[in-house]
2 protein chains.
Amino acid sequence: MNGTDIVLDKTDLSILRLMQENARMTNADLARELEMAPSAVLERVKKLEQKQVIVKYTTRINPVALGQTLLAFIAMKSSEGMGSNNTAKELAKIPEVQEVHHIAGEDCYMVKVRTADSASLMDLMRNKFSKIQNITSTRTTIVLETVKEEQQLVIPVK
Amino acid sequence: MNGTDIVLDKTDLSILRLMQENARMTNADLARELEMAPSAVLERVKKLEQKQVIVKYTTRINPVALGQTLLAFIAMKSSEGMGSNNTAKELAKIPEVQEVHHIAGEDCYMVKVRTADSASLMDLMRNKFSKIQNITSTRTTIVLETVKEEQQLVIPVK
DNA sequence: TAAAAATTTCGAATTTTATTCGAAATAATC
DNA sequence: GATTATTTCGAATAAAATTCGAAATTTTTA
């Protein structure tokens with residue numbers, strides 16, 4: 001028995017489903033939806049936060065509105081030993097780097113980056129990536145059009 | 001002049017920065033932080049929603065808590081003509097598919113998928129992907145470890 | 001540049017929600 | 001089946017959301 005096994009009942013799942021869809025839903029509305037007292041629902045939400053089931057409440061902003069129109073995936077190879085993931089941690093520190101995954105296969109990392117344009121991506125690679133140890137190669141794939149981009153999980157009914 | 005050019009001033013950017021970090025921040029707290037009247041801040045937030053600068057308020061849920069431990073990137077080739085993106089749209093309909101990007105380069109699409117395990121990924125490919133027209137090949141990359149995964153944008157100060 | 005128009009902000013009033021906490025109900029354990 | 005722990009409830013209070021007219025500010029235009 002470790003901290004990993006978290007029991008979520010039907011009510012918890014409903015809360016998560018509703019909150020995933022709208023993080024600013026009021027506790028009162030949640031309670032109405034679930035036909036429970038607001039205080040009971042609040043208790044549950046707080047527990048979900050404590051248990052780190054709920055990681056964060058975030059606002060999705062239209063990247064275009066901020067002029068961030070370039071999205072790219074970069075597959076990287078690293079000469080780093082298998083034990084450490086310092087390269088990944090360094091990459092993760094860069095704000096424009098949205099995702100860093102250690103992957104199976106020929107490449108070591110899959111990195112997702114969002115910048116204003118190709119010039120700023122070039123900047124990033126020249127000024128930031130170049131300073132990170134052990135990166136031996138990068139293969140950049142530019143996104144032409146994004147059809148779907150979300151991180152909504154599929155929440156089971158029970 | 002089209003609907004694309006949205007003017008965001010310093011206050012808007014501050015709101016976005018705060019809300020991106022915590023979507024459930026109260027309007028009252030926002031107002032305190034910005035040293036403005038709550039009513040004025042509320043007005044701005046509503047406008048950001050209307051202008052679709054704010055796309056959604058969402059709750060990030062720990063995938064492990066829901067037993068969704070498998071993440072994969074799938075590079076796909078499609079025989080579809082360049083004009084349409086029906087393949088992408090069909091992929092986007094699948095809940096387990098979190099991202100669909102049309103990419104430059106040899107492959108056509110980059111697809112990000114999250115499922116419970118490799119068996120359910122196999123299921124998905126056999127039962128859903130196989131029904132989508134024009135997919136001529138897939139190359140699946142399994143994620144071993146995720147070091148960073150977010151979609152926070154870099155919001156300029158001014 | 002000065003007047004007019006449009007937008008933004010404010011503040012006070014009202015409605016709604018969040019939060020607290022003791023008690024009752026329910027569920028789990030021994 | 002009694003005990004213990006957990007969850008839910010409901011009522012009371014504090015806090016926040018929302019509304020809206022008026023003032024201030026900014027932008028437009030003549």
Side-chain angles (χ1 to χ4, degrees), chain A residues 1-62 64-67 155-158, chain B residues 1-62 64-67 155-158:
Chain A
M1 197 216 299
N2 56 28
T4 324
D5 58 335
I6 294 164
V7 194
L8 301 174
D9 66 9
K10 202 161 54 161
T11 307
D12 287 325
L13 295 175
S14 295
I15 290 173
L16 293 175
R17 203 175 302 109
L18 291 163
M19 295 283 273
Q20 180 173 244
E21 210 41 53
N22 177 16
R24 279 185 77 79
M25 188 174 198
T26 65
N27 187 58
D29 278 342
L30 264 180
R32 272 187 285 269
E33 203 72 48
L34 303 171
E35 296 179 313
M36 284 173 67
S39 49
V41 176
L42 189 66
E43 192 74 11
R44 275 177 178 265
V45 171
K46 282 187 173 166
K47 258 170 205 153
L48 290 169
E49 291 169 359
Q50 274 166 3
K51 287 190 281 188
Q52 296 271 66
V53 174
I54 289 177
V55 177
K56 185 172 204 161
Y57 301 107
T58 185
T59 299
R60 281 179 59 75
I61 299 164
N62 181 359
V64 177
L66 292 176
I155 300 177
V157 182
K158 177 51 222 284
Chain B
M1 199 217 300
N2 56 28
T4 324
D5 56 335
I6 293 164
V7 194
L8 300 174
D9 65 9
K10 203 161 54 159
T11 307
D12 288 325
L13 295 176
S14 295
I15 290 172
L16 293 175
R17 202 174 305 109
L18 291 163
M19 295 284 273
Q20 180 172 245
E21 212 40 53
N22 177 16
R24 279 185 79 78
M25 188 175 199
T26 65
N27 187 58
D29 278 341
L30 264 181
R32 272 187 284 270
E33 202 73 50
L34 303 172
E35 297 181 312
M36 283 174 66
S39 49
V41 176
L42 189 66
E43 193 75 10
R44 274 178 180 266
V45 172
K46 281 187 172 167
K47 258 169 206 153
L48 290 169
E49 291 169 359
Q50 275 167 2
K51 288 190 281 188
Q52 295 271 67
V53 174
I54 290 176
V55 177
K56 184 170 203 160
Y57 302 107
T58 185
T59 298
R60 281 179 59 74
I61 299 163
N62 182 358
V64 177
L66 293 175
I155 299 177
V157 182
K158 175 57 220 285

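Reminder, nothing fancy here: chain letters follow the sequence lines and each chain counts from 1.
Scanning all heavy atoms of the two residues, the minimum distance from A:Pro38 to A:Asn27 falls at O-ND2, 3.0 Å.
Here the side chains of A:Val157 and A:Leu13 are not in contact, with every heavy-atom distance at 4.5 Å or above. Taking the side chain as every heavy atom from C-beta outward, B:Leu48 and B:Leu8 approach each other to under 4.5 Å. Side-chain atoms of B:Arg44 and B:Asp9, non-hydrogen and from C-beta on, do get closer than 4.5 Å to each other. In this structure, B:Leu66 and B:Val64 have side chains that are not in contact, with every pair of non-hydrogen atoms separated by 4.5 Å or more.
Of the residues in residues 40-57 of chain A, those with a non-hydrogen atom less than 4.0 angstrom from any atom of DNA chain C are A:Leu42, A:Lys46. Heavy-atom distances under 4.0 Å link DNA chain D to B:Thr26, B:Asn27, B:Ala28, B:Arg32 of residues 25-37 of chain B, given in residue order.
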>> Working note: A:Asp12 + A:Lys158, criterion salt bridge (charged side-chain N to carboxylate O under 4.0 Å, His left out); need CA distance, chi angles, decisive distance, verdict.
In response: CA-CA 10 Å; A:Asp12 287 325; A:Lys158 177 51 222 284; over 6 Å; no

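Every side chain to side chain donor-acceptor pair (under 3.5 Å) that B:Glu49 has, sequence neighbours left out, goes to B:Tyr57.
For the helix from C:dT1-D:dA30 to C:dC30-D:dG1, the terminal axes (five pairs an end, C1' atoms, rotation from four pairs onto the next four) enclose an angle of 50°, given to 10 degrees.
With a heavy-atom cut-off of 4.0 Å to chain A, the contacted part of DNA chain C has its first and last nucleotide at C:dT17 to C:dC21.
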With a cut-off of 3.5 Å and sequence neighbours excluded, list every side-chain donor-acceptor pair involving residues 18-26 of chain B.
| unit_1 | atom_1 | unit_2 | atom_2 | d |
| --- | --- | --- | --- | --- |
| B:Gln20 | OE1 | B:Leu153 | N | 2.7 |
| B:Gln20 | NE2 | B:Leu153 | O | 3.0 |
| B:Glu21 | OE1 | B:Gln152 | NE2 | 3.4 |
| B:Glu21 | OE2 | A:Lys56 | NZ | 2.5 |
| B:Asn22 | OD1 | B:Arg24 | N | 3.0 |
| B:Arg24 | NH1 | A:Ala23 | O | 2.6 |
| B:Arg24 | NH1 | A:Met25 | O | 2.8 |
| B:Thr26 | OG1 | B:Asp29 | N | 3.0 |
| B:Thr26 | OG1 | B:Asp29 | OD2 | 3.3 |

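For the atom pair CD1 of A:Ile54 and NZ of A:Lys46, the computed distance is 12.5 Å after rounding to the nearest 0.5 Å. To the nearest 0.5 Å, atoms CZ (A:Arg17) and CD1 (B:Ile61) are separated by 9.5 Å. Expressed to the nearest 0.5 Å, how far CD of B:Glu35 lies from OG1 of B:Thr11 amounts to 11.0 Å.
B:Asn62 contributes no side-chain N or O that, together with a main-chain N or O of A:Val55, makes up a donor-acceptor pair within less than 3.5 Å.
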